[in-house]
Amino acid sequence: MKPFTQANCSHLPLLRFMPAAILSLLCCLSAGTAIAARPLSQLVDQKAGLYLEATQLDQHLQQFLQSQLVTRFRQTDVFQNWLRSKDVHNLKQGLEQLETLTQRPLIPLLRDLFGESVGLAIFNNGPEQNPSVILLTDVKDPQATRSLFEDWFQKTGVTVTKTEYLQTACFTASQQSSNPEKSSPGIHYCFLDQTLIVSESESLLHSSVALHVKPQRGEPLAEQPCLYNLKMYQRARAVLAADVTGYAFLNPRAWDEHIKPPRNEVEQGIVNWWQKTGALIAGLHLKNTLALETVILFNSEVIDLPLLNILQTSENIPDPYTLIPQKALAVMAGQLNVQLLTRKFVEFYAEKHPEKWKKIHAASIGLLGGLDPITDLASTLGPNVLFYSVPRKQLSFDAISFDGLIAMQLSTPDSPPQQTNKTSYQLGMENVANFLLNSVLVQHNTNSKQVEQPAVIKVEEHDLYHLRWIDHLGPYQPAYGINEQQLVLASSPDLVREFFTLKSENSLAALPLFQSWKETFFQEEKQLCFLNISSIRSFIEQNADFLAEQLSRQQGGDPARGKSKLAGLKSLLESFDGVFLAAGLQKTQVRIVIGLGSLTPAR
């Protein structure tokens with residue numbers, strides 16, 4: 001490499017800014033690059049506290065930028081307004097300055113610099129010092145990159161000094177000043193074959209050089225103290241999807257000294273989770289669905305945490321998605337250990353209010369016909385629990401715009417197959433539900449100012465279920481339905497009827513977008529939150545005038561502001577068809593996936 005011209009200049013801060021700027025512009029890449037000779041994590045010391053890596057950028061980003069998700073988002077008013085904003089104007093000016101400085105178009109420059117893989121490692125230096133950072137990238141043409149650096153440093157007047165470590169050329173770029181106190185610390189870098197490594201820490205640079213050189217001298221690669229060989233890192237990479245665009249790996253043990261002693265029970269719980277966490281890894285998917293999957297790995301095969309016991313999972317229990325209509329606006333479904341949750345709540349309440357609990361317990365046993373609510377009834381509820389909401393048929397300003405339903409799976413121990421008579425458990429639950437409905441009925445009719453049409457309880461008996469609800473109770477009709485398999489509570493009897501008679505082809509499970517997501521992202525994850533943006537868009541379109549007026553009332557009665565708010569929301573929702581959050585909890589790990597996307601598959 002040719003020597004650089006030494007001169008005083010103020011452009012070194014731009015050199016420091018370059019790694020962050022380039023990382024923020026990776027989404028501009030769109031063409032093929034060289035294939036990395038080896039994983040970059042083989043050049044990172046295993047003491048790294050946080051490691052981020054992006055791979056196959058061109059392939060993933062090109063697919064993502066051509067997806068329906070991005071195409072539709074570009075057409076929204078939100079994106080078009082952002083393009084006209086001052087922030088975009090300033091960004092364009094900054095990019096033009098970079099192109100002027102390097103005398104090269106930005107996109108080809110980024111492609112040459114970043115090649116196929118980019119890695120960023122952060123190391124903890126203790127509570128009193130800032131962490132150290134090292135950037136690794138597989139460049140397309142190392143010699144061309146050297147020439148680019150040479151030309152850049154000459155133009156900016158940055159001083160470069162050359163040293164050797166393990167017979168490898170290392171360089172330090174720094175800005176000199178007549179006043180030593182104003183001199184900036186150097187930026188250290190080197191080329192290891194096609195890999196460029198940049199860091200403010202010379203010791204980190206030397207560590208990467210050693211990890212590169214020692215295997216070439218005959219020392220086994222498997223024995224090198226690199227991140228790639230760390231068992232917890234290997235375990236984390238194994239549970240993450242192989243086709244992620246990029247991922248972040250967190251090693252909690254590198255940051256333990258920053259954890260302060262807990263001051264209360266909440267902080268103690270957080271500290272317990274931290275200490276039992278062996279690693280955390282998060283992967284980014286850039287496809288027609290933009291998704292982030294995160295996996296928390298425990299450092300032991302047997303972890304006893306109350307949350308994992310309450311939110312139980314079982315492969316033998318079928319998903320309840322065939323019970324949810326496609327028109328549902330929002331869905332929450334999962335598995336819940338109701339008996340354990342109830343017992344934990346009762347233990348807490350009984351300890352705080354022992355006398356009150358004795359009375360409540362005695363009343364509950366009476367309503368349940370002698371069944372104990374903890375040891376008997378709670379054991380029959382679950383594990384599948386779901387909630388969903390659907391648009392109301394008639395909207396009014398004195399009620400929310402949707403109806404809701406909650407369903408719990410029943411597993412009664414004294415119910416033999418094909419039994420037609422009601423079990424003691426079903427009768428007990430009906431007693432409680434009837435008591436609650438009657439209490440609401442009496443309260444309403446007693447306090448109502450107009451009793452011309454009092455609220456009444458209505459009953460329907462069907463072959464598949466028993467239905468009871470309150471009629472003439474204002475805008476709502478609280479109802480419940482029950483059979484030997486499900487207990488259903490709803491704000492309308494229509495929802496109960498639909499729940500028990502829904503055909504599978506009309507259910508959420510048959511929705512193409514939902515089918516694709518379940519197969520790709522949450523086959524084993526039993527806890528799910530889902531927003532059906534397609535249904536929400538249809539609901540807004542069908543009730544635009546009403547919703548605009550409702551929003552205007554919240555905006556001080558200004559109709560124009562109400563319509564503007566609704567139009568902005570509708571425009572934003574045009575770019576995607578659904579949002580989901582799925583979680584799977586096991587004894588060795590917790591996996592969480594968050595995503596949004598469109599119905600039409602990427603081309």
Side-chain angles (χ1 to χ4, degrees), residues 67-69 71-73 75-78 288-291 319-334 385-396 399-407 475-476 488-522 527-551 565-582 593-601:
S67 68
Q68 286 293 316
L69 178 63
T71 301
R72 288 163 59 174
F73 180 70
Q75 299 171 354
T76 63
D77 293 338
V78 174
N288 206 51
T289 296
L290 176 64
D319 297 321
Y321 306 133
T322 56
L323 304 175
I324 304 170
Q326 289 187 12
K327 65 180 180 181
L329 304 176
V331 174
M332 295 180 63
V385 179
L386 71 86
F387 161 83
Y388 64 80
S389 61
V390 297
R392 289 177 61 90
K393 294 181 179 180
Q394 295 182 346
L395 304 183
S396 62
I400 57 177
S401 299
F402 57 85
D403 282 315
L405 177 145
I406 299 175
Y476 302 105
V488 180
L489 308 175
S491 59
S492 167
D494 291 338
L495 267 69
V496 178
R497 297 186 188 101
E498 182 181 40
F499 176 87
F500 284 108
T501 59
L502 184 68
K503 296 181 179 180
S504 59
E505 59 266 26
N506 297 324
S507 69
L508 184 67
L511 191 67
L513 176 64
F514 191 84
Q515 286 182 336
S516 175
W517 278 354
K518 186 179 185 303
E519 182 179 345
T520 305
F521 295 109
F522 47 89
Q527 319 300 331
L528 176 71
C529 297
F530 175 70
L531 289 180
N532 192 343
I533 304 301
S534 296
S535 292
I536 295 175
R537 279 202 311 267
S538 299
F539 173 71
I540 292 176
E541 292 173 358
Q542 295 170 6
N543 303 277
D545 294 338
F546 173 85
L547 296 174
E549 185 176 350
Q550 190 175 53
L551 287 173
K565 289 283 186 181
L566 186 64
L569 175 61
K570 183 179 177 182
S571 175
L572 180 62
L573 297 180
E574 289 291 343
S575 58
F576 54 101
D577 296 314
V579 180
F580 72 90
L581 187 155
V593 190
I594 304 174
L596 62 87
S598 58
L599 183 60
T600 306

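Not measured: the values here are computed from a predicted model. Heavy atoms only: backbone and side chains are in, while hydrogens, waters and symmetry mates are out. Numbers here simply count residues along the sequence, with the first being 1.
Atom CD1 in Ile540 sits 8.0 Å away from atom NZ in Lys570 (nearest 0.5 Å). One finds the CG atom of Leu495 at 11.0 Å from the CG atom of Leu502 (value rounded to the nearest 0.5 Å). Atom CG in Leu596 sits 10.5 Å away from atom CG in Leu531 (nearest 0.5 Å). Atoms CD1 and CG, from Ile324 and Leu511 in turn, are 11.5 Å apart once rounded to the nearest 0.5 Å. Note that OG of Ser535 and CG of Leu329 are 6.0 Å apart. Values are rounded to the nearest 0.5 Å. Between Tyr476 atom OH and Ile400 atom CD1 the span is 4.5 Å, to the nearest 0.5 Å.
In terms of the salt bridge (Lys or Arg N to Asp or Glu O under 4.0 Å) criterion, residue partners of Asp403 (sequence neighbours excluded) are, by chain and number, Arg392. For Phe402, there are no ring-ring contact (aromatic ring centres under 6.0 Å, His included) partners at least two apart in sequence or on another chain. Partners of Lys503 under the salt bridge (Lys or Arg N to Asp or Glu O under 4.0 Å) rule, at least two apart in sequence or in another chain, do not exist in this structure.
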Quiz item: Can you check side-chain contact (heavy atoms from CB on, under 4.5 Å) on Asp577 and Arg72, steps first, answer last?
Solution: CA-CA 11 Å; Asp577 296 314; Arg72 288 163 59 174; 3.0 Å; yes
Walk me through whether Leu386 and Leu528 qualify under side-chain contact (heavy atoms from CB on, under 4.5 Å). CA-CA 9 Å; Leu386 71 86; Leu528 176 71; over 6 Å; no
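Listed for the Ser538 side chain is a donor-acceptor partner under 3.5 Å among the backbone atoms of Ser534. Panel note: side chain Gln326, backbone Ser507; a donor-acceptor pair is recorded below 3.5 Å. Listed for the Ser504 side chain is no donor-acceptor partner under 3.5 Å among the backbone atoms of Thr322. Ser571 places a side-chain N or O within 3.5 Å of a backbone atom of Asp77 that can act as its donor or acceptor partner. Panel note: side chain Asn288, backbone Gly597; no donor-acceptor pair is recorded below 3.5 Å. A donor-acceptor contact shorter than 3.5 Å is absent between the side chain of Ser516 and the backbone of Leu513.
Here the two rings, on Phe522 and Phe514, have centers that are under 6.0 Å apart.
The side-chain heavy atoms of Arg537 and Ile533, taken from C-beta on, include a pair separated by under 4.5 Å. A 4.5 Å side-chain heavy-atom check between Gln542 and Leu395 finds every atom pair outside the cut-off. Using a 4.5 Å cut-off on side-chain heavy atoms (C-beta onward), Ser401 and Gln550 make contact. A heavy-atom distance below 4.5 Å is found between the side chains of Val331 and Leu508.
Glu541 CD: more than 12 foreign heavy atoms inside a 6.0 Å radius.
Across all their heavy atoms, Leu323 and Tyr388 have their closest contact at O-CE2, 4.0 Å.
The aromatic rings of Phe530 and Trp517 stand perpendicular to each other, their planes meeting at an angle above 60°, with 30° marking the opposite boundary.
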